[in-house]
Amino acid sequence: MTNTPTSANHIQEAADYIRSKTNLTPEIGLILGSGLGILANLIEDAVSIPYEEIPHFPVSTVEGHEGELLLGTIQGRPVVMMKGRFHMYEGYAPSVTAFPVRVMKNLGIASLLVTNAAGGVNTSFVPGDLMLLSDHLNLTGNSPLIGPNDNALGVRFPDLSEAYSRRLRQVAKDAASEHAFTFKEGVYAGLLGPSYETPAEIRMLRTLGADAVGMSTVSETIVARHAGIEVLGISCITNMAAGILDQPLSHAEVMETAELVKEKFLSLVLSIIPKM
Ligand code: HPA
């Protein structure tokens with residue numbers, strides 16, 4: 001095995017460093033999207049480790065994304081949370097974007113909640129909707145699993161027929177009904193970015209069966225499934241995708257909508273975590 005940033009010894013070194021900072025063995029991983037870092041406030045007795053301290057960890061660059069790993073409990077469940085994630089558009093190799101998922105697996109997680117900000121492709125959606133991912137379209141043109149496969153981490157050809165766990169989606173729906181809330185549900189198209197899409201691309205995505213579009217999540221999910229981790233994905237629909245409304249898209253709009261839904265998001269996650 002070549003000594004790439006994803007090789008087993010690098011994963012082990014990163015995980016060992018994290019274990020030297022806390023005795024907590026996390027069961028659940030959380031990866032937070034743009035503007036949703038507020039979820040970090042839910043963690044009790046949190047130990048915070050800046051990414052740059054962790055051996056071999058990449059460092060995030062985009063505005064609105066922070067870079068720290070938090071370990072603690074939510075509703076009594078031990079969790080590890082990535083506050084800030086790595087996108088391929090930042091220039092990282094796809095395998096590097098996946099490194100933290102493998103470290104979380106080494107730490108002990110069995111399930112992963114991934115959240116993201118996304119554009120609504122389905123015209124019945126409105127900004128502020130929360131969508132459970134039923135599936136994804138990997139349109140990044142790449143895969144985090146490219147390269148030699150380490151059989152200790154997962155099989156060469158992992159099955160993705162249930163990329164997003166049916167069981168966890170039901171858990172989320174049950175939690176939502178306690179809040180008299182209904183999730184949207186649909187297919188997330190993951191693109192490379194960092195430009196937003198053209199109206200023609202959005203029409204294409206709709207034809208392909210996409211309900212939402214974003215620039216994250218698919219590589220993390222692929223690595224998680226490779227590692228045998230159950231995945232729950234939630235998109236915050238922060239804007240209607242390009243060409244649907246007669247207005248330009250902006251990162252400011254994405255952050256504003258995420259800000260508006262954060263309380264709802266927090267209360268739902270608080271109900272979901274104990275049942276994951
Ligand atoms: N397109 C891609 N990524 C996004 C969008 C969008 O419209 N909104 C938030 N992230």
Side-chain angles (χ1 to χ4, degrees), residues 30-39 60-67 82-92 94 97 113-142 144 163-164 183-222 231-262 264-265 268-269:
L30 301 159
I31 303 180
L32 311 179
S34 300
L36 302 171
I38 180 81
L39 289 187
S60 184
T61 61
V62 78
E63 196 190 329
H65 294 268
E66 290 143 290
M82 283 182 73
K83 195 171 174 192
R85 56 143 65 100
F86 306 103
H87 306 84
M88 281 188 222
Y89 64 71
E90 293 175 85
Y92 299 112
T97 67
L113 170 60
V114 271
T115 72
N116 58 58
V121 173
N122 184 324
T123 54
S124 77
F125 290 179
V126 294
D129 277 347
L130 298 176
M131 184 190 90
L132 296 176
L133 275 64
S134 58
D135 208 341
H136 75 216
L137 292 163
N138 176 12
L139 301 176
T140 63
N142 218 320
Y164 300 89
F183 279 110
K184 299 291 196 292
E185 190 166 355
V187 174
Y188 174 90
L191 276 65
L192 193 52
S195 51
Y196 291 116
E197 301 70 34
T198 64
E201 286 165 346
I202 295 303
R203 289 192 296 276
M204 173 189 75
L205 294 177
R206 195 175 296 119
T207 303
L208 293 178
D211 297 289
V213 59
M215 307 173 194
S216 66
T217 303
V218 295
S219 66
E220 293 142 354
T221 297
I222 290 168
V231 180
L232 176 63
I234 306 178
S235 287
C236 172
I237 305 299
T238 52
N239 57 282
M240 295 314 291
I244 296 178
L245 305 175
D246 191 19
Q247 64 184 50
L249 274 54
S250 73
H251 187 57
E253 180 191 9
V254 168
M255 299 302 281
E256 275 163 32
T257 309
E259 176 73 18
L260 288 176
V261 300
K262 71 181 184 192
K264 167 111 294 172
F265 211 72
L268 287 165
V269 171

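We count residues from 1, following the sequence as given. What you see is a predicted model; the values in this text were computed from it and never measured. In listed order, ligands and their atoms are each counted from 1.
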| Hey, which atoms in ligand 1 end up nearer than 4.0 Å to a heavy atom of Met215? | 2 (C), 3 (N)

| message | Measuring only between side-chain heavy atoms, which start at C-beta, is Tyr188 closer than 4.5 Å to Ser216? | response | yes

| field | Pairs touching residues 232-246 that satisfy side chain to side chain donor-acceptor pair (under 3.5 Å), sequence neighbours left out | value | Asn116-Ser235

| Going by the atom numbers of ligand 1, which of them fall below 4.0 Å from some non-hydrogen atom of Ala118? | 5 (C), 8 (N), 9 (C), 10 (N)

| message | Under a 3.5 Å threshold, yes or no: a donor from one side chain and an acceptor from the other, between Tyr164 and Thr221? | response | yes

| query | Do the side chains of Asp211 and Val121 get nearer than 4.5 Å, heavy atoms only? | reply | no

| query | Counting from 1, what ligand 1 atoms have a heavy atom of Ala117 closer than 4.0 Å? | reply | 9 (C), 10 (N)

| task | Kindly compute the distance separating OG (Ser195) from CE (Met215), expressed to the nearest 0.5 Å. | result | 6.5 Å

| Where at least one partner belongs to residues 183-193, residue pairs that pass salt bridge (Lys or Arg N to Asp or Glu O under 4.0 Å), sequence neighbours excluded | Asp129-Lys184, Arg169-Glu185, Lys173-Glu185

| remark: Under 4.0 Å between heavy atoms, the region of Ala242 that gets near ligand 1 turns out to be neither

| query | Can you tell me which residue and heavy atom of the protein come closest to atom 5 (C) of ligand 1, and the distance to 0.1 Å? | reply | Gly119 N, 3.4 Å

| request: Show which atoms of ligand 1 fall inside a sub-4.0 Å distance from at least one heavy-atom site of Asn239. | output: 5 (C), 6 (C), 7 (O), 8 (N), 9 (C)

| request: Examine the proximity of ligand 1 to Asn116 and report which part, side chain or backbone, both or neither, has a heavy atom under 4.0 Å away. | output: neither

| query | Nearest protein heavy atom to atom 2 (C) of ligand 1, by residue and atom, and its distance? | reply | Glu197 OE2, 3.2 Å

| query | Can you tell me if Asn142 and Thr140 form a side-chain donor-acceptor pair at under 3.5 Å? | reply | no

| task | Could you give me the CA-CA distance, side-chain angles and deciding distance for Met131 and Asn122, then say whether side chain to side chain contact (heavy atoms under 4.5 Å, CB included) is met? | result | CA-CA 11 Å; Met131 184 190 90; Asn122 184 324; over 6 Å; no

| Protein residue, atom and distance nearest to atom 3 (N) of ligand 1, heavy-atom basis | Gly214 CA, 3.4 Å

| field | ligand 1-proximal atoms of Val254, by part, heavy-atom distance under 4.0 Å | value | side chain

| said: If the cut-off is 4.0 Å to any non-hydrogen atom of Thr238, which atoms of ligand 1 fall inside it? | reply: 8 (N), 9 (C)

| Residue portion contacting ligand 1 (non-hydrogen atoms closer than 4.0 Å) for Leu249 | side chain

